[in-house]
S.K.: 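Okay, handing you the structure first.
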2 protein chains.
Amino acid sequence: MSAPGEMNGGTANGYHASRLERLVHWAHSLTYERLPADVVDRTKAFFIDWLACAVAGRGHVSVTSMVEYAKTMGPSTGKCEVIGFPDLTTSAAFASLINGASSHVVEQDDLHNSSMMHPATVIYPTALAVAQDVGASGKEFITACVVGYEFACRAGEFLGKAHYENFHTTATTGILGAAATSAYLLRLTEDQFLSSIGNAGTQAAGLWQFLLDATHSKQVHTAQACAGGVFSAYVSRSGLLGPHDILEGRRGMAATLASVDPEPSFIDAQLGAKWSVLESSFKWHASCRHTHPSVDALIALMEEEKIKFNDIASITAHTYKAAISVLSLSAAAETVHQSKFSMGFVLAVAAKNGSANITNFTEDALSDPELRTMQKRVTMVLDPKIDAVFPAKWLGRVTVTTKEGRRVTKNVDVVKGDPGWTLTKSEIEGKVISLARYGHVQDLSLFEATIQRIWNLEVDKEIRGFVFS
Amino acid sequence: MSAPGEMNGGTANGYHASRLERLVHWAHSLTYERLPADVVDRTKAFFIDWLACAVAGRGHVSVTSMVEYAKTMGPSTGKCEVIGFPDLTTSAAFASLINGASSHVVEQDDLHNSSMMHPATVIYPTALAVAQDVGASGKEFITACVVGYEFACRAGEFLGKAHYENFHTTATTGILGAAATSAYLLRLTEDQFLSSIGNAGTQAAGLWQFLLDATHSKQVHTAQACAGGVFSAYVSRSGLLGPHDILEGRRGMAATLASVDPEPSFIDAQLGAKWSVLESSFKWHASCRHTHPSVDALIALMEEEKIKFNDIASITAHTYKAAISVLSLSAAAETVHQSKFSMGFVLAVAAKNGSANITNFTEDALSDPELRTMQKRVTMVLDPKIDAVFPAKWLGRVTVTTKEGRRVTKNVDVVKGDPGWTLTKSEIEGKVISLARYGHVQDLSLFEATIQRIWNLEVDKEIRGFVFS
């Protein structure tokens, strides 16, 4: 593999470094010392945010079924922790699998706008498991997470909207991020690192069909993205070679998994200057991120125009094509999880409560006739201007017609939790305590102390002690 | 889920049984007693053929790297055997993973023509591992393999050529077969069985990019298809729900992984009358199956026309589009494995040796200047008539021009090993002994005794004892 300076001159073995090779070269040599302070801070903040999501999701059947699987198939004990399961330790493969599932249950993990993917739920489970397996330090853990974000998000940006239309990008490029995170922590050679990415990309999978039936494959996707990334890095270390250019190659991911709009420059643009972790958004609401621009617009509009829940005759959410495409699959809102993917139900919840947080999506809410009535009054319509700038911008525009016949519209340009309107430290802490409560954490003071410890994670010699009863 | 008789009348919960549900219903209730004798015999024959492939491939780095992975990530001992590794026992997940890799190394495992997929390398590893985990009998094992063949091959036929152009069907529909095999052996309910298939299909992956670099992802695909199928069935048993119609749904496999030519009737046509295992072919030559029609035609032509290797000025292989598409990715023939995917190299080997068996593809062959010269004299050309009937028929047509200027052509309609020209018992035994020798099996008489035992597998109370030093 060639150094970046040689990229246009060819290499000894006769091929030019690909964009992916340049990204691998950069990531392979990245050190903690080269991370800007805001990158380190945000990486720690997302770790806190992620940890709370994993605790909150631990009771879901997608998680307990994987715990059972780990007990059947895995070692009886291991070096790696499983968040929310104090009696279980296992190997990196199973720990990353379970934590990948649990942290994606409550739909509160972060989202990277322009790639349309959720990085934390695949990067942190992998980084935690492999760091515990190899005994990595806090600094190495942080750097490995930053590396994982770059691969997952850049690949997602590269593959674009046409890919997202058919594939759950969190899974398909998440596995690349998980492989990169693992490769970094295993201190692979550059060639092994590249093989890891190739072997991961050839396993990239994740379809949206599960949304139609309110089934649980979304957590299968994140779990297997983690475990598949771990697998790819470990077997590549043992000499199993993977394809070199799995992103841009003739039969690579762009050629096969995206009909249009791959934009190669995303892969290696501004390495070391543009940081994916700084571009990712906290999720403030507990619903699918595609509903957030509309939720923010609706709440602001109702407040500004002093409209009450019972005043509303209809709501129109003007949005982009990807939102309509994904959310129309789950419009029925049959389960708590599916209800978070129904624009109608989510806007009904927001209108009634003035919020759409984790305590607002419950079994009781599913059987609330007022919410069900309002759900039917919500329509999504395609707004070409909003669609044209998506996913670089996730713009919100909502029109409410009142029973008195008043018709008012509100636009929002930045969603709460976005880098341009990020959460304060106290908002983050408030959110995660609320998630810990939702997950029935018994000792909240231990949870709070762990959060404070993570704010200083770079001093830790090892990454351990993130399990709660 | 509805019974087949209700399929057009709808069900209590308001939806019509899909083709996939009908296939699941049929498979769920299949018993050994309902299998025709030739189905049982062929299933045992492919088990023998598969076992020898796994032994022959055990030394490859794709296998040893997964053994190392299993030791790092898996239990220290387990109920399941790993072919060719007498010192290792593990859980079903890791045993199926490793045996899935090893049995696809030497390119001698069977191929099902009309689906373009290799069933044995994903079905037998899975069936063996899960049967050993649950203590299934010989009859249950055989029936589970028959079930796995139906899902893998029917889905491959359904997705067709357009899918195969981008995806390694052995992996993408192999995972469905592995899930079905596991679901059958775990005695899942019909709903759990259907979830297994949905959870498997949403993980379907496997790209051809690895062929361009002579890398090892082909074994990653088969290994992960097995392990992913096992995973899907076990977590579905624990309550993790998968999408209902992963084949024909709006965001299912046909809608997302095949641009054209899905043919739904394949999914549930003639259940219990048409048996995929009877349609699969033994591989007689040790090269990619796409070369076999040309190899057979060339060997026959040279014999009939009394043409010697040194007489040949050029060879033209008239073939179908998929062969040109896949084989042109690996034309360089840099490694032993890649050389089996180069039409030029394979026909050179066949012309020189009068055969293309496992002993003809070696490091020495790669550096044989006569083979390299002949390789360059081979051209593939698209034959529209041959392409029109592919993959239902894999027709061969070769034209040889001699140095004296003679130009002769030979057609073959049936490839050696096909159901229409299947191997005799003694040919099968000769092939597998040769593979066992290639795999350095120390006690060949034990191997031979095991083969004889498999011919009577239905009397076995448990499926165990398939490991060789």
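Per chain, numbering begins at 1; letters A, B, ... match sequence-line order.
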S.K.: With rounding to the nearest 0.5 Å, note down the distance linking OG1 in A:Thr215 to NE2 in B:His244.
M.R.: 6.0 Å
S.K.: At a heavy-atom separation under 4.5 Å, does B:Leu257 approach chain A through its side chain, its backbone, both, or neither?
M.R.: side chain
S.K.: Begin with the C-alpha distance, continue with both residues' side-chain angles, and end with the deciding distance and a verdict on side chain to side chain donor-acceptor pair (under 3.5 Å) for A:Ser325 and B:Arg251.
M.R.: CA-CA 10 Å; A:Ser325 177; B:Arg251 286 294 192 287; 2.6 Å; yes
S.K.: I'd like to know which of A:Thr172, A:Val230, A:Asn166 tops the heavy-atom pair count under 4.5 Å against chain B.
M.R.: A:Asn166
S.K.: Just so I understand: if I count every heavy-atom pair under 4.5 Å between each of B:Gly242, B:Ser62, B:Gly239 and chain A, which residue has the most?
M.R.: B:Gly242
S.K.: Pick one of side chain, backbone, both or neither for A:Ala227, based on which atoms fall under 4.5 Å of a heavy atom in chain B.
M.R.: backbone
S.K.: For A:Gln219, is it the side chain, the backbone, both or neither that has a heavy atom under 4.5 Å from a heavy atom of chain B?
M.R.: neither
S.K.: Which answer fits A:Ala93, side chain, backbone, both or neither, if we ask what part of it has an atom under 4.5 Å from a heavy atom of chain B?
M.R.: both
S.K.: If you take all heavy atoms of B:Ala204 and A:Ala205, which pair is closest and at what distance?
M.R.: O-CB, 3.4 Å
S.K.: Could you tell me whether the side chain of A:Asp213 and the main chain of B:Pro243 form a donor-acceptor pair under 3.5 Å?
M.R.: no
S.K.: Out of B:Phe231, B:Tyr234, B:Trp208, B:Phe210, return the one with the most heavy atom pairs under 4.5 angstrom to chain A.
M.R.: B:Phe231
S.K.: For A:Lys161, look at atom NZ and say whether over 12 heavy atoms of other residues, nucleotides or ligands are found less than 6.0 Å away.
M.R.: yes
S.K.: Based on non-hydrogen pairs under 4.5 Å, which of B:Ser236, B:Cys80, B:Gly206 is most in contact with chain A?
M.R.: B:Gly206
S.K.: Of all the heavy-atom pairs spanning A:Leu207 and B:Thr256, show the shortest one and how long it is.
M.R.: CD2-OG1, 3.4 Å
S.K.: Look up atom OG1 in A:Thr72 and atom CG in B:Asp133, then write down how far apart they are to the nearest 0.5 Å.
M.R.: 7.5 Å
S.K.: Under a 4.5 Å heavy-atom cut-off, does chain B meet the side chain of A:Leu97, its backbone, both or neither?
M.R.: side chain
S.K.: Using non-hydrogen atoms only, which part of B:Phe167 is less than 4.5 Å away from chain A: side chain, backbone, both, or neither?
M.R.: side chain
S.K.: What's the separation between atom CG in B:Leu241 and atom NE2 in A:His337, rounded to the nearest 0.5 Å?
M.R.: 12.0 Å
S.K.: Check each atom of A:Ile246 against the heavy atoms of chain B and say whether the ones under 4.5 Å are side chain, backbone, both or neither.
M.R.: both
S.K.: Could you have a look at B:His60, B:Glu165, B:Gln224, B:His221 and say which one has the most heavy-atom pairs with chain A under 4.5 angstrom?
M.R.: B:Gln224
S.K.: Enter the distance from A:Lys71:NZ to B:Ser238:OG here, rounded to the nearest 0.5 Å.
M.R.: 11.0 Å
S.K.: Tell me, for A:Ser76 versus chain B, whether the close heavy atoms (under 4.5 Å) come from the side chain, the backbone, both or neither.
M.R.: neither
S.K.: Is B:Ala92 close to chain A through its backbone or its side chain, or both, or neither, when contacts mean heavy atoms under 4.5 Å?
M.R.: both
S.K.: Measuring heavy-atom distances to chain A, does B:His168 have an atom under 4.5 Å in its side chain, in its backbone, in both, or in neither?
M.R.: neither
S.K.: Would you mind checking which part of B:Gln203 comes under 4.5 Å of any heavy atom in chain A, side chain (CB onward), backbone (N, CA, C, O), both or neither?
M.R.: both
S.K.: Need one label for A:Phe94: side chain, backbone, both or neither, based on atoms under 4.5 Å from any heavy atom in chain B.
M.R.: side chain
S.K.: How long is the span from the CG atom in B:Leu240 to the CE atom in A:Met66, to the nearest 0.5 Å?
M.R.: 5.5 Å
S.K.: Let me confirm one number: the OG1-CD distance from B:Thr202 to A:Gln209, rounded to the nearest 0.5 Å.
M.R.: 8.5 Å
S.K.: So which of A:Thr64, A:Val63, A:Val235 has the biggest tally of heavy-atom pairs under 4.5 Å with chain B?
M.R.: A:Val235
